[in-house]
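Owing to the predicted nature of the structure, the values given are computational and were not obtained by experimental measurement. All residue numbers refer to positions in the sequence shown, counting from 1.
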Amino acid sequence: MKKIENTSFKLTTLIFIFPLIGLLLYGGLSQFFFFYAQHNEVQYELEKYEKTLMDAQKDTLQEKVENLTQFIRYYDGRSSDKIKEDVKNIVNVTADMANNLYHENHGKIEENKLKEIIKSALRKIKFEGDIGYLFLLDLKGNALVHIDNKVVGTNIMNIQDVKGKYILKEFNKVFKQKGEGFVDYYWYIVSEDMKEMHYKISFVKLLDCYDWYIGAGEYLKYMTKFVQKDILEYIKANAQFKNGYFFIVNGKEKLIFSPYENNMIFKEQKKGFIQDEKHIAYTQYVEEYDWYVTATKDLEEIQSSIEAKKLSSEVKAKESIKTNLYLLLFSWIVSLLLSLYLSTVINRMLKKYEKKLTAANDKLVFQSRQALIGELFSMIAHQWRQPINKIASILALLRFGLPEKKLNHLEIDERCQEIEESVEFMSETIDDFRTFYQPKEESEKVNLRELVEKSIHFLEGSIRKKDIGISKELQEIEHELYANEFLQVMINLIKNAVDSLERSGEINIKLFQKGEKIIISVEDNGTGIDLLSIKKVFDPYFTTKEDSMGLGLYMTKIIIEKHMKGTIEVERLSQGTKFTITL
């Protein structure tokens, strides 16, 4: 109590004195540095204002350029999709024509002649512009119709492009999945020198007649050419791209677009920001077209705004000096009064708190003792319930078996031994719970397999009553621990599994060594635990059973983690529950 009183006095003193000392130091030092710092502050504000303006202009330029490049990429994608759709439509129309020829003449004309009619009809189909060409192949890779006469009549199943892709095998993958679709690859442009392969996208589709498929494609260089033209026409016709100084230059410094009659401010194009004495610009590179998209701004407007800001800052600086002196005097008075008031209030509060703290501490000690006693009694009652039930069932068997002489001496001895074991377990439970929250002084090296077998035997009546099957995979393992506590853990877990099962259920118990770890698992195929409850199974007093106090798994977790230095985990299975102990 003396320590609390001393702390209270020191705290009250600090609350009163500290603000006054702080204000004295602040007043003297602030006046000394204020005039010196005023000039630097004005300069800093001007630099900050200039940077803010420049950043705002940069953000605006960047936003404009990004909007334009996003539009270019969007329009490119939309136009490319349209070209692909055109190719698809051509293939679909041509395929319908071939299929119609087949269905109209099948059976009326000799097969070989009908095939030649279909191929001849496909050869006559011409496209406008550079849209590409049709090709007809069979599933074995034989070219039936192709713009390159050297290819017709040959098998190109194993032909590869410059990337090593087997083109016809890619076609077959599409046929297996959907019967039609797009495939990208590299191929020669027949109308050119055929020395270089170019990127191409084709649409292929299986025909109803024979094992043939038809396709058509478009080269990226032609697609890009058409799309670039459409984009530039759209930009030139759209007013929003004329607000601000925009221009587009390609990688060879050729002007692609400018609203000001082929005039460029910056000859050298670089990605990002570029600035000279009069202008600032932002450039972004569109790799698809090798375009540099640039937006510029005249710096003269920014300089005018900075000069106006400088005059305004000098006026404000003079006003702030006067205001600062008044504020300093006012803060002195307010701090003095506030310190006196707070020190008085806090002193009263601390005295009341001291009294409450003493009373609460006494009450907390009493409640903690009461809670510990109640918890121990609950746990003992929970552990005794099973042996008491077992003793009662044995006594009932003896009562009805002895008069009718259905039991021999050996069976009577076995039942009496079971009663003795149950009574011994109850006695050991009392001894164990008496020091449950205290460190154990002695442990022993025990055979874990024998203890697991003993726990199963202890619950034999409940297991037999429900006709539950027990599957065991137990290794001979010796480990130093407290045997009765381990027995309690196993009884709790097996009893929990028995309670969750209906008749003819199954419990699987495993005991094995894994490296330096000992693993014990108890698994059942019962009703299982729902997702909400599984997070609370180890909480005290949580239970889903009407006749349970919810202390079994809580006690099990304490024994394993605090006394055995191990871990226990619960797992929700598709059918049932699994508890795993690791020591």
Side-chain angles (χ1 to χ4, degrees), residues 383 386-387 390 414 417-418 421-422 424-425 428-429 432 443-530 533-534 537-538 544-545 552-583:
Q383 291 301 103
Q386 182 62 29
K390 187 171 183 180
E414 290 178 354
Q417 185 176 356
E418 290 180 8
E421 289 176 354
S422 297
E424 182 180 356
F425 175 77
E428 290 175 350
T429 300
D432 187 62
S443 60
E444 56 184 336
K445 204 165 191 176
V446 296
N447 189 310
L448 298 183
R449 183 180 183 278
E450 292 179 358
L451 291 177
V452 174
E453 294 280 10
K454 186 176 180 181
S455 64
I456 296 172
H457 177 70
F458 189 80
L459 296 168
E460 184 180 356
S462 299
I463 294 171
R464 191 186 304 113
K465 182 178 179 182
K466 288 190 174 183
D467 192 23
I468 294 171
I470 300 292
S471 172
K472 298 177 290 184
E473 299 178 32
L474 308 176
Q475 294 181 2
E476 290 286 344
I477 299 175
E478 289 191 348
H479 188 65
E480 187 169 333
L481 44 69
Y482 306 99
N484 194 48
E485 287 187 346
F486 182 78
L487 189 62
Q488 291 176 35
V489 167
M490 294 308 302
I491 289 173
N492 281 337
L493 294 181
I494 299 172
K495 177 68 168 57
N496 195 66
V498 170
D499 291 342
S500 69
L501 290 170
E502 303 295 336
R503 291 189 61 82
S504 303
E506 188 76 25
I507 298 176
N508 183 19
I509 304 173
K510 293 182 181 180
L511 167 65
F512 59 93
Q513 188 99 22
K514 186 177 181 181
E516 297 182 355
K517 302 289 185 180
I518 298 173
I519 311 296
I520 308 107
S521 66
V522 178
E523 179 181 339
D524 64 72
N525 61 350
T527 55
I529 308 175
D530 60 70
S533 299
I534 200 168
V537 292
F538 295 115
T544 57
K545 295 176 276 190
L553 292 177
Y554 167 66
M555 180 184 62
T556 297
K557 185 176 177 67
I558 290 178
I559 291 174
I560 291 171
E561 292 183 352
K562 293 187 177 180
H563 298 180
M564 299 183 186
K565 308 303 180 184
T567 60
I568 181 169
E569 297 177 346
V570 59
E571 181 181 356
R572 182 175 181 266
L573 306 176
S574 58
Q575 184 177 0
T577 309
K578 181 179 180 181
F579 286 88
T580 303
I581 300 171
T582 304
L583 300 178

*Glu561 CD: over 12 foreign heavy atoms closer than 6.0 Å*: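 Counting neighbours around CD of Glu561, more than 12 heavy atoms of other residues, nucleotides or ligands fall under 6.0 Å, so yes.
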Distance, nearest 0.5 Å, that separates [atom1] of [X] from [atom2] of [Y]:
X      : Y      : atom1 : atom2 : value
Lys578 : Asp524 : NZ    : CG    : 11.5 Å
Ile520 : Leu493 : CD1   : CG    : 9.5 Å
Lys472 : Leu511 : NZ    : CG    : 12.0 Å
Ile477 : Ile518 : CD1   : CD1   : 5.5 Å
Gln488 : Ile560 : CD    : CD1   : 11.5 Å
Glu453 : Leu448 : CD    : CG    : 12.0 Å

Does [X] have any side chain to side chain donor-acceptor pair (under 3.5 Å) partners at least two apart in sequence or in another chain, and if so, which?
X      : answer
Lys517 : none
Glu473 : none
Ser533 : Asp530
Asn525 : none

If I compare all heavy atoms of [X] with all of [Y], which pair ends up nearest, and what's the gap?
X      : Y      : value
Ile507 : Ala497 : CD1-CB, 3.8 Å
Gly528 : Thr577 : CA-OG1, 3.4 Å
Leu583 : Ile581 : CD2-CG2, 3.9 Å
Phe579 : Phe538 : CE2-CZ, 4.0 Å
Ser455 : Ile491 : CB-CG1, 3.8 Å
Arg503 : Lys465 : NH1-O, 2.8 Å

Within a strict 4.5 Å, meaning less than it, do heavy atoms of the Phe486 and Val452 side chains meet?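 Contact flag for Phe486/Val452 side chains = yes.
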* To do: Could you tell me which residues satisfy salt bridge (Lys or Arg N to Asp or Glu O under 4.0 Å) with Lys495, sequence neighbours excluded, listed by chain and number?
  =>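 In terms of salt bridge (Lys or Arg N to Asp or Glu O under 4.0 Å), with neighbours along the sequence ignored, Lys495 is linked to Asp499.
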Given the rule in the side-chain contact (heavy atoms from CB on, under 4.5 Å) test, do Asn496 and Asn492 qualify, once you have shown the distances and angles that lead to the verdict?
CA-CA 6 Å; Asn496 195 66; Asn492 281 337; over 6 Å; no
Just list the side-chain donor-acceptor pairs under 3.5 Å for residues 564-572, sequence neighbours left out, or say none.
unit_1: Lys565; atom_1: NZ; unit_2: Lys562; atom_2: O; d: 3.3
unit_1: Arg572; atom_1: NE; unit_2: Ile529; atom_2: O; d: 2.8

* Is Lys466 reaching over with its side chain to a backbone N or O of Leu501, donor-acceptor style, under 3.5 angstrom? ->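 Checking the backbone N and O of Leu501 against the side chain of Lys466, a donor-acceptor pair under 3.5 Å is found.
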Quick one, Leu451 with Met490, criterion side-chain contact (heavy atoms from CB on, under 4.5 Å). Give me CA distance, side-chain angles, the key distance, then yes/no. CA-CA 8 Å; Leu451 291 177; Met490 294 308 302; 6.0 Å; no
State whether Lys510 and Glu523 are salt-bridged, where the test is any N-O pair (Lys NZ or Arg NE/NH1/NH2 against Asp/Glu carboxylate O) under 4.0 Å.
->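 No, Lys510 and Glu523 are not salt-bridged.
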